[in-house]
Protein chains: 2
Amino acid sequence: MAELAALNERSETTMKISELARLAGSNAETIRYYEREGLLPKASRSESNYRIYSVAHLERLTFIRHCRNLDMTLGEIRTLLRFKASPEENCGEVNRLLDDHIEHVVRRIGELQELERQLRDLRGCCPDGRQAAACGILEGLSQPLLEKASGNHVPGVHESFASNTGKS
Amino acid sequence: MAELAALNERSETTMKISELARLAGSNAETIRYYEREGLLPKASRSESNYRIYSVAHLERLTFIRHCRNLDMTLGEIRTLLRFKASPEENCGEVNRLLDDHIEHVVRRIGELQELERQLRDLRGCCPDGRQAAACGILEGLSQPLLEKASGNHVPGVHESFASNTGKS
DNA sequence: TTAAAACCTTTGAGTCGCTACAAGGTCAAG
DNA sequence: CTTGACCTTGTAGCGACTCAAAGGTTTTAA
Ligand SMILES: [Zn+2]
Ligand SMILES: [Zn+2]
Ligand SMILES: [Zn+2]
Ligand SMILES: [Zn+2]
């Protein structure tokens with residue numbers, strides 16, 4: 001009964017913020033943030049000042065979350081949204097943006113593989129637990145500075161532990 | 001002459017902040033930030049209130065920058081510095097920290113490889129420049145939400161473009 | 001000698017993409 | 001009528017810096 005009612009509501013064309021969040025695998029605060037940032041248009045409001053969303057909003061938010069899951073920046077996403085909004089234009093720039101972003105990812109993979117190599121080298125300097133004074137790892141880290149050639153934007157190793165789960 | 005004088009100065013045991021920065025491949029603002037964060041001890045001061053550093057500072061900063069180049073967090077680095085400071089302790093925890101961090105990197109590599117696969121799939125949806133309305137990429141991005149299983153801390157694709165060059 | 005350039009200082013704000021909180025308003029169920 | 005789930009705004013915080021303002025000091029060179 002309650003389920004049926006909920007189902008009916010779900011098949012309606014409007015919803016409030018937390019249902020939109022659930023359907024888009026996002027969360028309410030992120031949606032308000034996107035609105036502030038101009039990625040989502042201002043929602044219409046109910047009498048009690050609640051944001052009211054339509055399927056169009058859901059589609060746009062889904063697009064954005066999809067892009068974020070591919071580690072694009074909000075800037076990159078803004079560009080893509082502009083093309084979505086002007087369907088008569090040539091999409092060559094979309095392709096270019098995607099090629100660039102693929103390169104961002106590929107480059108970052110290369111950097112991290114080099115990092116892994118260096119870290120395994122370092123780890124090999126102290127196979128057993130000994131006194132810290134004799135630890136090859138601590139010694140190795142005191143040594144020279146290896147170059148870090150990073151010109152990238154794909155996020156870090158320590159980054160998204162508690163975030164990006166979709167729900168809040 | 002100026003070079004010789006500079007060389008003499010360089011072989012002295014103390015220096016000001018920008019020389020320390022240069023020698024450690026860092027920059028002055030980062031050094032002040034590390035001091036605020038307690039990663040570097042407070043420097044002694046000259047009569048005119050300038051920070052004065054010794055080789056010990058240079059070594060500690062070199063250690064920190066080396067760790068950062070390996071994408072460790074400042075938290076991870078703090079732990080390592082504690083072990084450096086107590087040489088009688090067993091270094092097993094150092095090894096464990098490094099193993100964990102290697103896993104952070106390996107996991108991030110895996111995530112990015114999956115990302116690359118998805119992005120290349122998407123790119124294949126629009127080999128040529130056509131009208132945005134018919135662009136397979138924009139269409140693909142409007143589709144379902146792929147899971148993003150990130151539990152990591154190694155930074156992103158778009159991150160370090162203008163940073164981490166060492167100089168300011 | 002003096003003026004400009006190159007340092008140094010502190011403080012505070014900005015970056016990115018959220019996330020979390022506080023303090024309050026609204027609404028349906030029991 | 002109260003509880004609790006939802007909604008609102010505004011603000012602050014995360015990590016690891018980076019930059020700018022507004023001023024003090026030191027070095028260089030005309
Ligand atoms: Zn990118
Ligand atoms: Zn060891
Ligand atoms: Zn780590
Ligand atoms: Zn296209």
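From a predicted model like this one, the values you see are computed outputs, not experimental measurements. Within every chain, numbering begins at 1; the chains are lettered A, B, ... in the order of the sequence lines, protein sequences first and strands thereafter.
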Using heavy atoms and a sub-4.0 Å distance, could you list which residues of residues 38-54 of chain A are near DNA chain C? By number, please. A:S48, A:Y50

Give the minimum heavy-atom separation between A:I77 and A:L39, together with the two atoms involved. CG2-CD2, 4.3 Å

Expressed in angstrom and rounded to an integer, what is the separation of A:E29 atom CD from D:dT9 atom C1'? 12 Å

Please confirm whether the shortest side-chain N or O distance from A:Y34 to OP1 or OP2 of C:dG17 is below 4.0 Å. no

Separation of D:dA5 P from A:M15 CE (nearest whole Å): 23 Å

Over how many whole Å does the gap from A:D71 atom CG to C:dC18 atom P extend? 10 Å

CG (A:L98) and CG (B:L141) are apart, to the nearest 0.5 Å, by 7.0 Å

Quick one: B:L20 CG to C:dT9 P, roughly how many Å, whole number? 11 Å

For residues A:R60 and A:Y53, is any side-chain donor paired with an opposing acceptor at under 3.5 Å? no

Can you pull every protein N or O that's under 3.5 Å from an N or O on nucleotides 27-29 of chain D?
none

Would you kindly compare B:I17 and A:R36 by the position of their nearest DNA chain C nucleotide and give the one closer to the 5′ end? B:I17

Quick note, salt bridge (Lys or Arg N to Asp or Glu O under 4.0 Å) partners involving residues 123-136 of chain B, not counting sequence neighbours, are A:D99-B:R123, B:D128-B:R130

Minimum-distance nucleotide (side-chain atoms of B:Y33 versus D:dT18, C:dG17, C:dA20): D:dT18

Verify the contact: side-chain N or O of B:R32 to OP1 or OP2 of C:dT10, cut-off strictly under 4.0 Å; return yes or no. no

Here the distance between atom C1' of D:dG10 and atom CD of A:E35, to the nearest Å, is 14 Å

Look at B:T30 and D:dT18 and indicate whether a side-chain polar atom (N or O) is within less than 4.0 Å of OP1 or OP2. yes

Lys/Arg N to Asp/Glu carboxylate O, A:E111 vs A:R108, below 4.0 Å: yes

Check this one for me: any side-chain N or O of B:R22 less than 4.0 Å away from OP1 or OP2 of C:dC7? no

Expressed as a whole number of angstroms, how long is the span from A:I31:CD1 to C:dG17:C1'? 15 Å

OP1 or OP2 of D:dC17 less than 4.0 angstrom from a side-chain nitrogen or oxygen of B:R65, does that happen here? yes

Using side-chain hydrogen bond (donor to acceptor under 3.5 Å, both in side chains) as the criterion, list what pairs up with B:S46, not counting sequence neighbours. B:S48

So, OP1 or OP2 of C:dT19: does either fall under 4.0 Å of a side-chain N or O from A:N27? yes

We want to know whether B:Q143 and B:E139 form a side-chain donor-acceptor pair, criterion being a heavy-atom distance below 3.5 angstrom. no

Assess whether a salt bridge exists between B:E19 and B:R22, defined as any Lys/Arg side-chain N lying under 4.0 Å from an Asp/Glu carboxylate O. yes

Indicate whether OP1 or OP2 belonging to D:dA5 is found under 4.0 Å from a side-chain N or O atom of A:S18. no

Show every salt bridge (Lys or Arg N to Asp or Glu O under 4.0 Å) that has at least one partner inside residues 79-98 of chain B, sequence neighbours left out. none

Only pairs at least two apart or in different chains count here, so list each salt bridge (Lys or Arg N to Asp or Glu O under 4.0 Å) that has a residue in residues 38-55 of chain A. A:E35-A:R51

